[in-house]
Amino acid sequence: MKKDMTIEEILAKLKEGNEKFTQDKLSHNNQDAARRAELVDGQDPFAIILSCADSRVVPELAFDTGLGELFVARVAGNVANTSTIASIEYSVFALKTKVIVVMGHESCGAVGAAVNGGDLGHNLNMLLAHVTPALAAAPDGASVNDIVKINAKLTVKELIGRSSIIGNAVKDGKLAVVPAYYNFASGKVDFLDEAVA
């Protein structure tokens, strides 16, 4: 299915799926034994989602997708660390996935922790260091939600800049990378910019 879809069609499919989610009209397609059998020999996801690990943010539901349709990397703060970049590179290089969505969300705890500062131990400090550029880019008085959106936009640039696989695919017109923001109450995903393609 994905191989025949353009970048524009993939983005439209994501937006249509999100509309179904916000209207409580999920299709529940591709979630049965027949679909599992189809995927035994491989996968062909039409989009990559880099999202936060927050339990309230479930990309497969938010975009009304089933098994094998999304390649999802989840990490607190939806940061582009070495592991998430490598995972995404695999999907771009090996699976030829054409769209990456970097999806931040309302009231992100990781971004809030970065705003509050302090020593949270080696591992969390290393993770939150990836949010520091968004803090530096934010205007004085910016809310956590404003910084979440800035972080998503900067992560798009970081994916392209830190990965030759991703950067070259964008330069060659084979990949688009898009920042987005998930709203808790409505379930709406706001696409923040036009795709970087």
Side-chain angles (χ1 to χ4, degrees), residues 1-32 34-36 38-39 41-52 57-75 78-80 84-105 148-149 151-183 186-197:
M1 174 177 81
K2 174 201 77 190
K3 295 199 180 358
D4 300 328
M5 295 174 72
T6 66
I7 287 169
E8 294 75 18
E9 288 169 339
I10 291 167
L11 289 169
K13 182 172 176 60
L14 289 169
K15 291 173 183 177
E16 178 186 329
N18 183 241
E19 181 68 20
K20 288 180 184 176
F21 176 65
T22 63
Q23 300 296 320
D24 292 329
K25 295 180 179 176
L26 292 174
S27 64
H28 302 289
N29 291 332
N30 295 321
Q31 298 178 6
D32 57 11
R35 180 61 172 169
R36 291 193 300 273
E38 287 175 14
L39 295 171
D41 294 325
Q43 60 177 316
D44 187 30
F46 66 82
I48 301 161
I49 312 295
L50 171 56
S51 76
C52 188
V57 182
V58 183
E60 294 87 348
L61 293 176
F63 294 111
D64 188 29
T65 56
L67 299 171
E69 294 187 291
L70 297 180
F71 191 95
V72 179
R74 295 179 69 175
V75 61
N78 46 274
V79 300
T84 55
I85 292 173
S87 297
I88 290 167
E89 285 178 334
Y90 169 77
S91 189
V92 171
F93 176 77
L95 305 177
K96 309 298 183 211
T97 311
K98 298 175 185 174
V99 170
I100 302 169
V101 176
V102 177
M103 188 168 69
H105 67 88
V148 167
K149 293 172 185 175
N151 185 52
K153 292 176 183 181
L154 292 179
T155 300
V156 165
K157 292 179 180 176
E158 191 169 3
L159 285 172
I160 295 167
R162 285 185 56 200
S163 168
S164 59
I165 290 171
I166 295 168
N168 288 336
V170 169
K171 186 174 68 175
D172 294 342
K174 297 177 180 176
L175 177 70
V177 191
V178 187
Y181 177 83
Y182 179 83
N183 298 276
S186 67
K188 174 104 171 52
V189 175
D190 298 320
F191 288 84
L192 301 176
D193 286 331
E194 292 303 313
V196 178

Item checked: A62 backbone acceptor or donor facing N18 side chain under 3.5 Å -> yes
Note to self: If the threshold is 4.0 Å, N to carboxylate O, is there a salt bridge linking E16 and K20?
What the structure shows: yes
Check: What's the spacing between Y181 OH and M103 CE if we round to 0.5 Å?
Finding: 12.0 Å
Notebook entry, point to check: Any side-chain heavy atom of V189 within less than 4.5 Å of one from F21?
Noted result: no
Next item on the list: Nearest 0.5 Å please: distance from the CG atom of L154 over to the NZ atom of K149.
Entry: 14.5 Å
Margin query: For a 4.5 angstrom cut-off between non-hydrogen side-chain atoms, does E9 reach F46?
Written below: no
Next item on the list: Please report the shortest heavy-atom distance between G187 and Y182, naming the atom on each side.
Entry: O-CE1, 3.5 Å
Next item on the list: Kindly compute the distance separating CD1 (I160) from CD1 (I166), expressed to the nearest 0.5 Å.
Entry: 8.0 Å
Check: Is a side-chain N or O of K153 found less than 3.5 angstrom from the main chain of P179, in a donor-acceptor match?
Finding: no
Next item on the list: Using modelled atom types only, decide if a donor and an acceptor are shared between the side chain of R74 and the backbone of V57 within a distance under 3.5 Å.
Entry: yes
Notebook entry, point to check: Does the T84 side chain pair with the main chain of V79, one donor and one acceptor, at a distance under 3.5 Å?
Noted result: yes
Check: For the atom pair CG (N183) and NE2 (H105), what is the distance rounded to the nearest 0.5 Å?
Finding: 11.5 Å
Check: Within a strict 4.5 Å, meaning less than it, do heavy atoms of the N78 and C52 side chains meet?
Finding: yes
Check: Which heavy atom in A80 sits nearest to a heavy atom in I85, and how many Å separate them?
Finding: O-CD1, 3.6 Å
Next item on the list: For residues E89 and S163, report the shortest heavy-atom separation together with the two atoms involved.
Entry: OE2-OG, 2.6 Å
Checklist line | salt_bridge(R35, E38) N-O dist < 4.0 Å | finding: yes
Notebook entry, point to check: In Å, rounded to the nearest 0.5 Å, how long is the span from CZ of R162 to OG1 of T155?
Noted result: 10.0 Å
Checklist line | Minimum heavy-atom distance between L14 and A47, given as atom pair plus value | finding: CD1-CB, 4.1 Å
Check: Within the side chain of S91, is there an N or O that forms a donor-acceptor pair under 3.5 Å with the backbone of T97?
Finding: no
Check: So which heavy atom on P45 is nearest to which on L70, and how close?
Finding: CB-C, 3.8 Å
Next item on the list: Measure the spacing between CD1 of I88 and CZ of F71 and express it to the nearest 0.5 Å.
Entry: 8.0 Å
Checklist line | Residue pair E60 / Q31, side-chain heavy-atom distance below 4.5 Å | finding: no
Checklist line | Working for side chain to side chain contact (heavy atoms under 4.5 Å, CB included), residues I100 and V92 | finding: CA-CA 9 Å; I100 302 169; V92 171; 4.2 Å; yes
Next item on the list: Please tell me if the side chains of I48 and L95 come closer than 4.5 Å, counting only heavy atoms from C-beta onward.
Entry: no
Next item on the list: Report yes or no: is the cationic atom of K96 (NZ for Lys, CZ for Arg) under 6.0 Å from the centre of the six-membered ring of F93, at an angle within 45° of the ring normal?
Entry: yes
Next item on the list: Compare every heavy atom of V178 with every heavy atom of V156, then report the nearest pair and how far apart it is.
Entry: CG2-C, 3.8 Å
